[in-house]
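Take a look at this one; I'll ask things after.
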Protein chains: 2
Amino acid sequence: MANTPAKKPSRIQQRNRKRILDAALEVFSRHGYRGATLDQIADEAGLSKPNILYYFDGKEDIHVSLLNQLMQTWLDPLDAMDPDGEPLSELLAYVHRKLEMSRDFPRESRLFANEILQGAPRMGPHLKSGLKPLFDKKTALIQRWIDAGKLAPVDPRHLVFSIWATTQHYADFDAQVRVLLNGEKSIPDSADSYLDTLFRKLLTP
Amino acid sequence: MANTPAKKPSRIQQRNRKRILDAALEVFSRHGYRGATLDQIADEAGLSKPNILYYFDGKEDIHVSLLNQLMQTWLDPLDAMDPDGEPLSELLAYVHRKLEMSRDFPRESRLFANEILQGAPRMGPHLKSGLKPLFDKKTALIQRWIDAGKLAPVDPRHLVFSIWATTQHYADFDAQVRVLLNGEKSIPDSADSYLDTLFRKLLTP
DNA sequence: GTGGTTCCTGACCGTATGGTCAAATTCAGA
DNA sequence: TCTGAATTTGACCATACGGTCAGGAACCAC
């Protein structure tokens with residue numbers, strides 16, 4: 001029913017499904033899949049628990065819907081890397097966009113981190129079908145840039161890993177970063193310039 | 001009782017507490033605190049559930065014991081950075097040690113990652129009392145090295161963050177890395193040389 | 001061996017949690 | 001306004017889980 005909307009969803013459908021997904025993002029990202037409860041999500045969404053089960057087939061369905069919905073958003077910045085652009089600035093722009101996402105969507109970042117940490121039990125297929133092809137395509141692009149002498153020679157796969165790691169660290173390890181930076185906002189402006197320097201020095205031929 | 005061992009623990013005590021902690025590390029690191037069950041831990045340890053509760057006061061007690069025990073191990077590599085050593089090689093050696101830990105102790109890495117991701121509910125104090133002082137001490141040391149012209153000028157705090165992020169990424173996001181590297185071992189040797197290059201280029205004055 | 005301590009277990013308990021359902025309420029089109 | 005479909009809910013249910021307890025088994029001086 002709610003899972004196979006053959007017809008157009010009503011206004012109430014749209015509004016409530018959105019409310020539920022918003023609430024679920026909040027709860028799942030803070031407590032992980034197992035730590036989140038339907039009651040919490042219902043409470044956060046301002047709906048009753050049975051009502052939530054009216055819109056989704058179950059806890060897992062909500063979680064999967066969230067992951068599916070987010071996957072695209074998450075990959076967009078990488079996808080936006082332009083083969084015809086100037087290699088170094090394309091990559092640095094990607095770093096910047098990725099850091100910006102940690103700033104603007106920390107919950108999404110933690111949701112993914114949680115899922116991957118647990119071994120991606122509900123996302124394995126999506127990784128293979130969604131992320132992998134894009135990863136292969138973009139690492140190949142970077143390799144071409146390197147072969148053309150536009151970038152210093154590095155392993156493109158590790159390059160991408162390190163971009164992800166350094167940018168997402170601020171969102172995923174927020175609790176730690178906050179303690180170590182004396183409670184400042186966890187992504188100070190200095191992070192931007194640091195990462196810019198880090199990757200600029202690495203990649204400049 | 002088990003929690004306040006005023007007297008020396010018997011041989012059986014030592015053996016079984018170790019078994020339990022080993023099992024708990026396995027289970028907690030794979031499923032997170034909330035996702036782990038005492039039954040799983042008992043099963044993994046080859047002990048009955050009540051027997052486990054004979055040695056520990058409860059699930060939380062086991063988790064806290066694990067975190068306490070691991071904190072030291074986790075900080076050792078950073079602590080080993082020698083103020084009297086050659087700055088660049090000290091830092092690169094630290095990167096190398098940290099990557100080695102992701103290789104050798106991925107479960108420990110994921111245990112910490114899980115805890116921090118959830119907002120460090122059971123480790124906040126330890127971060128402040130254990131990690132923070134060491135972090136401050138070592139970032140100050142790096143700053144002195146920079147001021148002495150031995151390293152390129154970078155923000156030491158972000159430098160440490162990026163070292164942690166890039167090295168732990170391979171353990172924490174193992175499931176993702178494995179997919180993207182076509183199922184190879186998730187920390188290939190190429191990671192070592194990549195990270196060496198990354199930080200060498202950044203830090204060489 | 002014997003007695004006391006340590007270690008271990010089966011059976012059980014209370015609660016939390018994911019999920020169901022019949023009935024009530026609201027909504028939208030005629 | 002009326003009517004059927006969509007939406008909402010209170011009351012329940014079954015299970016999983018953390019934890020308890022009384023008593024039994026194993027161990028260890030003596």
Side-chain angles (χ1 to χ4, degrees), chain A residues 1-28 30-67 114 118 121-122, chain B residues 1-28 30-67 114 118 121-122:
Chain A
M1 310 291 159
N3 203 19
T4 57
K7 305 299 171 192
K8 52 199 165 190
S10 75
R11 201 150 337 134
I12 292 180
Q13 284 263 350
Q14 282 186 300
R15 174 175 54 93
N16 281 354
R17 282 185 69 96
K18 185 175 184 321
R19 273 193 194 172
I20 293 169
L21 288 176
D22 279 354
L25 173 59
E26 183 70 28
V27 177
F28 278 132
R30 210 161 37 213
H31 305 289
Y33 178 76
R34 198 58 157 40
T37 72
L38 285 180
D39 291 284
Q40 281 175 295
I41 296 175
D43 192 55
E44 181 85 22
L47 299 172
S48 70
K49 182 166 66 170
N51 201 8
I52 281 188
L53 276 308
Y54 171 76
Y55 289 101
F56 289 89
D57 285 347
K59 186 183 181 181
E60 178 142 355
D61 185 32
I62 301 178
H63 194 247
V64 170
S65 295
L66 258 188
L67 290 175
N114 256 309
Q118 318 289 318
R122 278 164 281 276
Chain B
M1 309 290 160
N3 204 19
T4 55
K7 305 298 172 193
K8 52 199 166 190
S10 75
R11 201 151 337 136
I12 291 181
Q13 284 262 351
Q14 282 186 302
R15 175 175 55 93
N16 282 353
R17 282 184 69 96
K18 186 175 183 319
R19 274 192 193 171
I20 293 169
L21 288 176
D22 279 353
L25 174 60
E26 183 68 28
V27 177
F28 278 132
R30 211 161 35 212
H31 305 289
Y33 179 77
R34 197 62 157 41
T37 72
L38 285 180
D39 291 285
Q40 281 175 296
I41 297 175
D43 192 55
E44 181 86 22
L47 299 173
S48 70
K49 182 165 67 172
N51 200 11
I52 281 188
L53 295 183
Y54 172 76
Y55 288 102
F56 289 88
D57 286 346
K59 186 183 181 181
E60 179 143 356
D61 184 33
I62 301 178
H63 194 248
V64 170
S65 296
L66 259 188
L67 290 176
N114 257 308
Q118 319 288 319
R122 277 165 280 276

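Convention: sequence-line order gives letters A, B, ...; per-chain numbering from 1.
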Between the protein and nucleotides 22-26 of chain D, which nitrogen or oxygen pairs come in under 3.5 angstrom?
none

Sequence neighbours excluded, the answer for ring pair (Phe, Tyr, Trp, His ring centres under 6.0 Å) partners of B:H63 is B:F28, B:Y33
For B:D43, enumerate each residue passing the salt bridge (Lys or Arg N to Asp or Glu O under 4.0 Å) test, keeping only those at least two apart in sequence or located in another chain.
-> none
Between which nucleotides of DNA chain C, 5' to 3', does chain A make heavy-atom contacts below 4.0 Å?
-> C:dT17 to C:dC21
Contacts of B:D22 that satisfy side chain to side chain donor-acceptor pair (under 3.5 Å) - sequence neighbours left out = B:K18
N/O donor-acceptor pair under 3.5 Å between B:R19 side chain and B:G46 backbone = no
What residues form a side chain to side chain contact (heavy atoms under 4.5 Å, CB included) with A:L53, not counting sequence neighbours?
-> A:L38, A:K49
What is the distance, rounded to the nearest whole Å, between atom CG of B:D57 and atom P of D:dG19?
-> 9 Å
Could you tell me the separation between the CG atom of B:D61 and the CD1 atom of B:I52, rounded to the nearest 0.5 Å?
-> 12.0 Å
Residues in side chain to side chain contact (heavy atoms under 4.5 Å, CB included) with A:E26, at least two apart?
-> A:R30, A:E44, A:R107
Sorted by number, residues from residues 34-41 of chain B placing a heavy atom under 4.0 Å from DNA chain D are B:A36, B:T37, B:L38
The contact string for nucleotides 7-13 of chain D, one letter per nucleotide 5' to 3', using protein heavy atoms under 4.0 Å with B, S and - for base, sugar-phosphate only and none, comes out as BBBBB--
Test side chain to side chain contact (heavy atoms under 4.5 Å, CB included) applied to B:R34 - qualifying residues, sequence neighbours left out = A:T37
Applying side chain to side chain contact (heavy atoms under 4.5 Å, CB included), name anything that partners B:P121, two or more places apart in sequence or on another chain.
-> B:E115, B:Q118
